[in-house]
Amino acid sequence: GSTATKGTPAPGRTLTVFAAASLTESFKALGRTFEAAHPGVKVTFNFGASSALAQQITQGAPADVFAAASPATMKTVTDAGDATAPKTFVKNRLEIAVPPANPGKIVALKDLANAKLKVVLCAPQVPCGAAAIKALGAAGLKVTPVSQEQDVKAALTKVELGEADAALVYRTDVKSAGDKVKGIDFPESLKAINAYPIAVLAKAPQAALAQEFTQLVTSAPGQQVLQQAGFEAP
Amino acid sequence: MKTISASPRGRVPWVLLVPALLGLAFLVLPLAGLLIRTPWPTMGTRLAQPEVRDALGLSLFTATLATLVCMVCGVPLAWLLARVSFPGLRLVRALVTVPLVLPPVVGGVALLLVLGRRGLVGRWLDSAFGITLPFTTAGVVLAEAFVAMPFLVISVEGALRAADLRYEEAAATLGASRWTVFRRVTLPLVAPGIVAGGILCWARALGEFGATITFAGNFPGRTQTMPLAVYLALETDPQAAIVLSVVLLAVSVAVLAGLRDRWIS
Amino acid sequence: MKTISASPRGRVPWVLLVPALLGLAFLVLPLAGLLIRTPWPTMGTRLAQPEVRDALGLSLFTATLATLVCMVCGVPLAWLLARVSFPGLRLVRALVTVPLVLPPVVGGVALLLVLGRRGLVGRWLDSAFGITLPFTTAGVVLAEAFVAMPFLVISVEGALRAADLRYEEAAATLGASRWTVFRRVTLPLVAPGIVAGGILCWARALGEFGATITFAGNFPGRTQTMPLAVYLALETDPQAAIVLSVVLLAVSVAVLAGLRDRWIS
Amino acid sequence: MSLDAHLVVRRPAFDLDLALTAAPGEVVALLGPNGAGKTTALRALAGLAPLSAGFVRLDGTDVRALPTELRPIGMVFQDYLLFPHLSAVDNVAFGLRCHGARKGAARDQARDWLSRVGLSGCEAKRPGELSGGQAQRVALARALAVRPRLLLLDEPLAALDAHTRLEVRSQLRGHLADFGGVAVLVTHDPLDAMVLADRLVVIESGRSVQEGPPAQVARHPRTDFVARLVGLNLYRGFASGHTVALDPGITLDAAESLDGPVFLTFPPAAVALFRSRPDGTPRNLWRTRISMIERHGDRIRVHLDDPLAVAADVTAAAVAELGLIEDSQVWAAVKATETHAYPA
Amino acid sequence: MSLDAHLVVRRPAFDLDLALTAAPGEVVALLGPNGAGKTTALRALAGLAPLSAGFVRLDGTDVRALPTELRPIGMVFQDYLLFPHLSAVDNVAFGLRCHGARKGAARDQARDWLSRVGLSGCEAKRPGELSGGQAQRVALARALAVRPRLLLLDEPLAALDAHTRLEVRSQLRGHLADFGGVAVLVTHDPLDAMVLADRLVVIESGRSVQEGPPAQVARHPRTDFVARLVGLNLYRGFASGHTVALDPGITLDAAESLDGPVFLTFPPAAVALFRSRPDGTPRNLWRTRISMIERHGDRIRVHLDDPLAVAADVTAAAVAELGLIEDSQVWAAVKATETHAYPA
Ligand SMILES: Nc1ncnc2c1ncn2[C@@H]1O[C@H](COP(=O)(O)OP(=O)(O)OP(=O)(O)O)[C@@H](O)[C@H]1O
Ligand SMILES: Nc1ncnc2c1ncn2[C@@H]1O[C@H](COP(=O)(O)OP(=O)(O)OP(=O)(O)O)[C@@H](O)[C@H]1O
Ligand SMILES: [Mg+2]
Ligand SMILES: [Mg+2]
């Protein structure tokens, strides 16, 4: 099957969406909705790390829409002139993820400062790490993690496998992990909300469709799908 | 009548057996860990998903093609490094290891810089021939070949260096040109090394992730290979990721167990 | 007096030279792309950053240690696969390639499942000896060794298969035990193959990213190797990532160019 | 050390089935045409070729289950098999070190052995830098250095120049005489075999066809191979008294009087050729055809074929005088006193 | 094809400097002790060993700049170097295919060559499954099959059994006689050299020490190596008429009358030994010491050393009668008619 699809043009028009990996499930659902509403149009997704997608776009990737997991990565694209006027379409909030049994007996953010606990945070370079620093700073806490993870999924994995007693991750991630981790909400998370921007790209081959897709994402039905996955309205 | 073995080749010495078994356990136990965690009941339904089959097929196809590309270019390159002396040989030999050390994602970026639509060579390919490589299946093959070729080159070069040069001399006295010597004497003599290199190359290409996703993107059916599918599955459903990995493993182990002994003997 | 070469070894045939040069260009051009994009003026300040030096030092240290671990276990394992026949040999040989095919992140997960705090073996290590491997430098070494060992094993096995067994027979008639034969005859005879395998192993360990970050995490000075630093730099500052990659490359090319020819000759 | 072995090695197109015994101190030479199984027999003794059946007893103990390295052997291979990564002296020291000698001591002894085979000065050379003959001498020194009790030599002198060969041969003889072990020697040179061996075992197609002390084998060959080796014409026949009836219907008179199946031999030099039927009545006289004439150094060998294949040595003068040419008819005569018969 | 070469190969511990010429059709035998540089000379002719200086002219054209594969050569290596991955027939066919033959034709020819060297039936065997002698014959067939114009043979008969050796030698002779090219043959067997070669070149330490037709070299050896090879005692001396003064202060009478520096030879069999000074006045008589007694087959060789190193062949009866033992004093006499002098 793989050879057959190679280079074969879609029968109708194809909309290409570059989206952060964390949007995979919700965007796939939105894509199906979009296709249903636009017969003959096929939506193809390129999910990956926002930063890698940004690299691809600045190197001339033929994309129509870019949905990033942080304003910073979107900025590298707009700075390069490949997109203008990004819009925030969802926000994401931190939660404390702990193993279901909660061996560290964690109930609030300040418990993470306990030096005996193995806490993992995201690296400061990635959005969830930046958010964690903001939240901890707001709470005036100093937490020494055992690891600064490359992305939020890596942090979550550590908790799922019981390697870490706690991690600061997004609500959406806690939600997608189901019953393998327990999420603990904490008030300071309001101080560290991460925004997801979306933009139509400057050289989009299907600019009109791209515009419609971003409208779908920001529309009420679109927001409903996203909020089911744990995102919050912008 | 049963053959009595008259040449029992001594005991396998402990000092070799113990580290070998340790090494084997180290390589195989994590796999056991994975297998224990695999949600077997869902296996069937996963395998039935067309996306999984697409990804698996694409992986096998691109890895095999990438291995062919590597063979065609890499074996001659290894020969050049092992048999011809030219100025700068040492540097070239060290440069060949570059893609090995380069974090694959950076390798993907580097490929974009050269072969991307705005890249050094890619710009020209685009304007002259209308060829763009990124985000195509051909791009996947290139990304995999870039990452996997050094494995082939280095192990084949090692095999060439260990080969007895005098057979090549004998072939020359029989009127064989260097090409004939290469084809009819050198290649068969270092066949085990080439098989080993090919396996390394194929397996590395099959497992390649970073350079592929960066250079070729992650489009199902076109550039989404199994490792990419695993990566996305990890985002949404870690169990599914394990299942996909196990499928990839099972297929590759089966292919290797099936093919390799045929090549070797 | 200058030596007149009386044995000009024919021309290098085109059919070998062209693909070899193509292959070389393919491997080296992306590097050139990187170098062109490198913001050279900032190089000095980057290198002066203690974090970069830490990461580089840690990378070299762990890759070297991982290579040693792989040598100690992997060479005997390769010998076992090449010289001893036992039931299940084919399967074991195929299983050895598993870590090669496994997407490294999944490899890291698999390692956690076995050697993590709650892992099959890790649980016992923890309770009996108080040893936990994840998030430690030892964990980095293990993760790198896990990913890199197959390269060593497979290329050494290839070299062993290509070696002339009769020298080992001759050694046996002189009273050499299998261990002595291995140490004093087999090893020196396949030295080029072992060097090649060692290089593959070291380079792969040096460039290892996925399994390391998954199993050992990412903490500057303790588990943050260069590839991890590069990856994180890519998130915020692609230029910095390129600089770091180039540093990693320069160091590894220098090490390889310096050491390898010494081993080879 | 005594040897008592029954070596059975089965291969798709070849079977070795050889009983081999040797008393302590005895040197046994294996002779036989190319591909007869001599190397295979040595390899079986060394434990390098698996026995399909049979046994190898050294001093009464069966060592069949013993791996090669535990057998008290030394072996010189037909193609030397010097370790290419070790210098000559380290090649020789290898076995000594395997038998527990310290590095320095082993090297000293090895140097000693090298000088005994005339290679002082080549100590540091790698096998790739040795000439063929030098390599063979290193291989010999390497095998002798471990002072084996069963010494297996596969054409150990084949690559040596004529003079060195004489020297190494006489050294080897001294060495073999000294040591109480058994030596099994493969050689193609009848002189080597005669000089070095106490007993010859002739193998053809994997089977022993004749055994005995060198002189006896040389006098009483029992196969064409041995006959040619020692330079005799050999025939099978049926004797009644002095008269032996050969297969092609010819009768010859022999010096011995026997009855029943016999072998009959005479040297090529005992054959006289005549253009026409000679006068007198030499009884061993027949008409025959010259199939080939060869010059060997200063003597000329004439091959006769019909009715009896005979080699005759004549002088160049005779060839010229008689005008011998290939395909012509001549009369051949052999004196009965030079014709030798013994029971088959 | 004529050959005119000056081969200079410099190595750390060894120098070859050899002028070698051969007329079309000529067979040149290189003789010399182990390590003399024979193999090196062949490799230099083949273009496998780089010349430090000199030239290799074939029919007048210098082929020094020509790579091995373009030289019209065929080579038999001392250790055969059969391709281990090809069957015997494919080994022989290899060169034919390199010279443009189709696969089928090459195989047919190769089978033909194999049967000529007596190996029909071994076609499908891999080198690892051939015996040493079989391998050597395959190597010979492989080199001959390409019908080279310069044939380089490095001890091509060393591993053959005595009978096969005779056969292959006579075939080789026929072959060499047929073909108009030049053959350079390295051998340790004087008989091979005598039978096969038109001219001998004796090399010692990389230098030619004597050249000439076999018979002349055999009669007039000029170095100890050659003398031993052909079994003569050789001395340097200064002649005045029939009297030759040798270095140790002994004078011997020779058959020839010469003046100036000469070589003097006599065969070991020409030496008579006496317990006490014999009566009469044989002029070539001196008192000497027995250093060693050796049995070679059926004759006994007595080595005398002081004042002149002489080999003497005597009968077993003489040894017993005279009670010859090592280290005892005897009188040695040589008839002047058997003593042969020629200018040095
Ligand atoms: N590994 C093998 N596999 C199959 N056949 C073999 C193998 N080795 C030898 N043979 C065959 O077995 C027979 C005996 O071989 P062997 O080497 O013992 O002969 P040999 O008496 O040593 O001869 P030579 O004097 O030529 O060295 C030959 O016909 C040979 O072709
Ligand atoms: N590759 C080499 N490097 C250095 N020295 C070498 C090399 N090959 C041979 N020699 C030396 O050169 C000399 C001549 O060697 P060569 O092989 O030509 O001798 P040869 O006449 O063929 O002797 P043999 O009769 O023993 O085969 C020897 O002393 C040998 O040790
Ligand atoms: Mg043999
Ligand atoms: Mg030689």
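Below, each value reflects all heavy atoms present in this structure, side chains not excepted, and no hydrogens, waters or symmetry copies. These numbers come from a predicted model, not from an experiment. Here is the naming used below: chain letters follow the sequence lines, and residue numbers restart at 1 for every chain.
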> Does the side chain of B/Phe26 come within less than 4.5 Å of C/Leu111's, by heavy atoms?
Replying inline: yes
>> Please classify the contact between B/Leu100 and chain C as side chain, backbone, both or neither, with a heavy-atom cut-off of under 4.5 Å.
In response: both
>> Is B/Val96 close to chain C through its backbone or its side chain, or both, or neither, when contacts mean heavy atoms under 4.5 Å?
In response: both
> In terms of heavy-atom proximity below 4.5 Å to chain C, should B/Ala145 be classed as side chain, backbone, both, or neither?
Replying inline: both
> Under 3.5 Å, is there a donor-acceptor pair between the side chain of C/Arg90 and the main chain of B/Ala257?
Replying inline: yes
>> Just so I know, are the side chains of C/Phe146 and B/Pro30 near enough to count as touching, which here means a heavy-atom distance under 4.5 Å?
In response: yes
> Do you know which of B/Phe151, B/Trp14, B/Phe209 has the most heavy-atom pairs under 4.5 Å to chain C?
Replying inline: B/Phe151
> Of the listed residues (C/Leu112, C/Val15, C/Val69), which shares the most heavy-atom pairs with chain B below a 4.5 Å separation?
Replying inline: C/Val15
> Could you give the distance from CD1 (B/Ile154) to CG (C/Leu200), rounded to the nearest 0.5 Å?
Replying inline: 4.5 Å
>> Measuring only between side-chain heavy atoms, which start at C-beta, is C/Tyr231 closer than 4.5 Å to B/Val106?
In response: no
> In terms of heavy-atom pairs under 4.5 Å, which option from B/Leu234, B/Leu120, B/Leu102, B/Leu35 contacts chain C the most?
Replying inline: B/Leu102
>> Quick check for you: among C/Ser59, C/Gly207, C/Ala110, which has the greatest number of heavy-atom pairs under 4.5 Å with chain B?
In response: C/Ala110
> Of the backbone (N, CA, C, O) and the side chain (C-beta and beyond), which part of B/Val75 lies under 4.5 Å from a heavy atom of chain C, both, or neither?
Replying inline: neither
>> Heavy-atom pairs under 4.5 Å with chain C - which of B/Gly197, B/Gly23, B/Pro76, B/Ala32 has more of them than the others?
In response: B/Pro76
>> Heavy-atom pairs under 4.5 Å with chain B: which of C/Ala205, C/Gly74, C/Cys73 has the most?
In response: C/Cys73
> Quick one: what part of B/Ala159 sits under 4.5 Å from any heavy atom of chain C, side chain, backbone, both or neither?
Replying inline: neither
> Does the side chain of B/Pro13 come within less than 4.5 Å of C/Trp79's, by heavy atoms?
Replying inline: yes
>> Need one label for C/Pro150: side chain, backbone, both or neither, based on atoms under 4.5 Å from any heavy atom in chain B.
In response: both
>> For chain C, which candidate among B/Val114, B/Leu142, B/Val101 shows the most heavy-atom pairs at distances under 4.5 Å?
In response: B/Val101
>> Are the side chains of C/Leu27 and B/Leu95 in contact, using a 4.5 Å heavy-atom criterion?
In response: no
> In terms of heavy-atom contacts, does CZ of C/Arg37 have more than 12 from other residues, nucleotides or ligands at under 6.0 Å?
Replying inline: no
> Taking C/Val92, C/Val153, C/Leu206, C/Leu24 one by one, which has the highest count of heavy-atom pairs under 4.5 Å against chain B?
Replying inline: C/Leu24
> Less than 4.5 Å apart, any side-chain heavy atom of B/Val98 and any of C/Val28?
Replying inline: no
> Who wins among C/Leu189, C/Val121, C/Leu77, C/Val147 for the most heavy-atom pairs under 4.5 Å with chain B?
Replying inline: C/Leu77
> Nearest heavy-atom pair of B/Gly158 and C/Ala196: which atoms, and what distance?
Replying inline: CA-CB, 3.9 Å
> Is it the backbone or the side chain of B/Phe182 that comes under 4.5 Å from a heavy atom of chain C, or both, or neither?
Replying inline: side chain
Solution key, residues 242-255 of chain B side-chain donor-acceptor pairs under 3.5 Å, sequence neighbours excluded:
residue: B/Ser245; atom: OG; partner: B/Ala241; partner atom: O; Å: 2.9
residue: B/Ser252; atom: OG; partner: B/Leu248; partner atom: O; Å: 3.2
residue: B/Ser252; atom: OG; partner: B/Leu249; partner atom: O; Å: 3.0

>> Return the CG to CZ distance between B/Leu16 and C/Arg178, rounded to the nearest 0.5 Å.
In response: 9.0 Å
>> Less than 4.5 Å apart, side chain to side chain, heavy atoms only: is that true for C/Ile36 and B/Leu113?
In response: no
>> For chain B, which candidate among C/Leu22, C/Val190, C/Leu31 shows the most heavy-atom pairs at distances under 4.5 Å?
In response: C/Leu31
